[in-house]
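Proteins get letters first, then strands, A, B, ... in listed order; numbering begins at 1 in each. Keep in mind that the numbers below use all heavy atoms, side chains included, and drop hydrogens, waters and symmetry copies.
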There are 2 protein chains.
Amino acid sequence: MGITKTEIFTRQQNETALLMKALGHPARIAIVEYLLSVNACICGDIVNELALAQPTVSQHLKELKNAGIIKGNISGNAICYCIDETAIATLRGYFGGISDNLEKKKKMCC
Amino acid sequence: MGITKTEIFTRQQNETALLMKALGHPARIAIVEYLLSVNACICGDIVNELALAQPTVSQHLKELKNAGIIKGNISGNAICYCIDETAIATLRGYFGGISDNLEKKKKMCC
DNA sequence: TTTTCATATTGCAATATTACGATATAGATT
DNA sequence: AATCTATATCGTAATATTGCAATATGAAAA
């Protein structure tokens, strides 16, 4: 079938998966890292940073934006993108939580 | 086309993306959370936990294993799965790093 | 050794993703 | 207004993913 059965999972699980999925492509990881490497937002030169065509980059930016990982502000005829701290904090918290949990129940097997 | 251009990204970026991609599906998030919710490893009842057919679950487990997020040990005629702390630590560190970084260069815009 | 049980693999249909050329849009510049 | 510049959208081809029925595998139990 090819369609994800979202209805059998919790809302939290679906949302977490969407966040992770948005970062599940090297171009989108590269975009996030680039946004991070420059102070503040980037208005314009994201396309030049990646060896991908402009529509492709635009599409990746859209996906990151839909997932809430980046924010875009219109600034003249360019658009100003930056990382949304909330999403990153969520991810940090998620993995931090798992990590702590694993530490506690340290190892009954494996 | 439809094929990811891995060659234009760093090894790190590709590896991070693969880890995130493996978690970019609610079934795989559910599996990880289930493994975490039970003490130690699970030998057998993962399939019963999810409302998905056995081959589907098997496939998701395989992807998590390939990505290094879970480990599987053969144990009799069952297989014993558990979370690989290394992968989780990597991701925790990754988002922790971004988070710290964002905190520092607190906000020139957006 | 035959059966049983748990998990993996195969094959396939439905759908999603990736990438990009062509084109549209919209604010800035002249 | 005409043009430039930056970004978005459309359409489409190549490929990947999701899910499952059918079947295979392989160890344990009978």
Side-chain angles (χ1 to χ4, degrees), chain A residues 1-9 13-14 17-31 34-35 38 41-67 69-82, chain B residues 1-9 13-14 17-31 34-35 41-67 69-82 110:
Chain A
M1 322 307 180
I3 186 168
T4 297
K5 287 186 151 182
T6 54
E7 71 278 7
I8 65 174
F9 304 105
Q13 287 169 338
N14 283 310
L18 282 180
L19 262 188
M20 310 271 184
K21 191 178 179 183
L23 291 172
H25 191 287
R28 297 193 289 268
I29 290 286
I31 288 171
Y34 179 59
L35 284 177
V38 219
C41 311
I42 290 308
C43 309
D45 51 357
I46 295 181
V47 172
N48 302 332
E49 271 303 302
L50 302 183
L52 289 170
Q54 179 266 324
T56 307
V57 175
S58 188
Q59 196 176 291
H60 283 304
L61 286 167
K62 189 177 172 187
E63 277 175 70
L64 285 170
K65 207 173 155 191
N66 283 344
I69 289 165
I70 64 175
K71 296 179 286 189
N73 297 56
I74 295 167
S75 150
N77 75 339
I79 290 199
C80 203
Y81 282 112
C82 64
Chain B
M1 327 297 181
I3 184 166
T4 298
K5 286 185 154 183
T6 54
E7 70 279 7
I8 67 174
F9 305 106
Q13 287 168 339
N14 283 308
L18 281 180
L19 272 183
M20 294 305 283
K21 191 177 179 184
L23 291 171
H25 191 287
R28 296 194 289 268
I29 290 287
I31 288 171
Y34 179 59
L35 283 177
C41 311
I42 289 309
C43 309
D45 50 357
I46 295 181
V47 172
N48 301 334
E49 270 302 303
L50 303 182
L52 288 171
Q54 180 268 322
T56 307
V57 175
S58 187
Q59 194 175 293
H60 284 306
L61 286 167
K62 190 178 173 186
E63 277 174 71
L64 285 170
K65 209 173 155 193
N66 283 344
I69 287 165
I70 65 176
K71 296 179 286 190
N73 296 57
I74 294 167
S75 151
N77 75 340
I79 289 200
C80 204
Y81 282 112
C82 64
C110 292

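Note that CE of Met20(B) and CG of Leu19(A) are 7.5 Å apart. Values are rounded to the nearest 0.5 Å. From Leu50(B), atom CG reaches atom OG1 of Thr56(B) across 10.0 Å, with rounding to the nearest 0.5 Å.
The CG atom of Leu50(A) sits 11 Å away from the P atom of dC20(C) (whole-angstrom rounding). Note: CD (Glu7(A)) to P (dG19(D)) measures 9 Å, nearest angstrom. Between the NZ atom of Lys62(A) and the P atom of dT18(C) there is a distance of 13 Å, rounded to whole Å. Here the C1' atom of nucleotide dT17(C) and the CE atom of Met20(A) are 20 Å apart, to the nearest Å. Atom CD1 of Ile3(A) and atom P of dA13(C) are 18 Å apart (whole Å). To the nearest angstrom, P of dA19(C) lies 10 Å from CD of Glu63(A). Spacing between atom OH of Tyr81(B) and atom P of dA8(C) amounts to 4 Å, rounded to whole angstrom units. Rounded to an integer number of Å, the gap from Ile29(B) CD1 to dT18(D) C1' is 16 Å.
The nearest heavy atom of DNA chain C to Lys21(A) and to Ala53(A) marks one nucleotide each, and the one closer to the 5' end goes with Lys21(A).
Taking side-chain N and O atoms only, Thr56(A) has a distance below 4.0 Å to OP1 or OP2 of dC20(C). The side chain of His60(B) places no N or O atom within less than 4.0 Å of a non-bridging phosphate oxygen (OP1 or OP2) of dT17(D). For Lys5(A) and dC20(D), the shortest distance from a side-chain N or O to OP1 or OP2 is below 4.0 Å.
When side chains are defined from C-beta on, His60(A) counts as touching Leu52(A), because their heavy atoms get closer than 4.5 Å. In this structure, the side chains of Leu35(A) and Ile46(A) come closer than 4.5 Å at one or more pairs of heavy atoms. The closest side-chain heavy-atom distance from Tyr81(A) to Leu61(A) is below 4.5 Å.
Side-chain atoms of Gln54(A) come within donor-acceptor range of the base of dA8(D), with a qualifying N/O pair under 3.5 Å. Applying the 3.5 Å distance criterion, the base of dA8(D) shares no donor-acceptor pair with the side chain of Gln59(A).
In this structure, Lys65(A) reaches neither bases nor backbone, as no heavy-atom distance under 4.0 Å exists between it and the strands shown.
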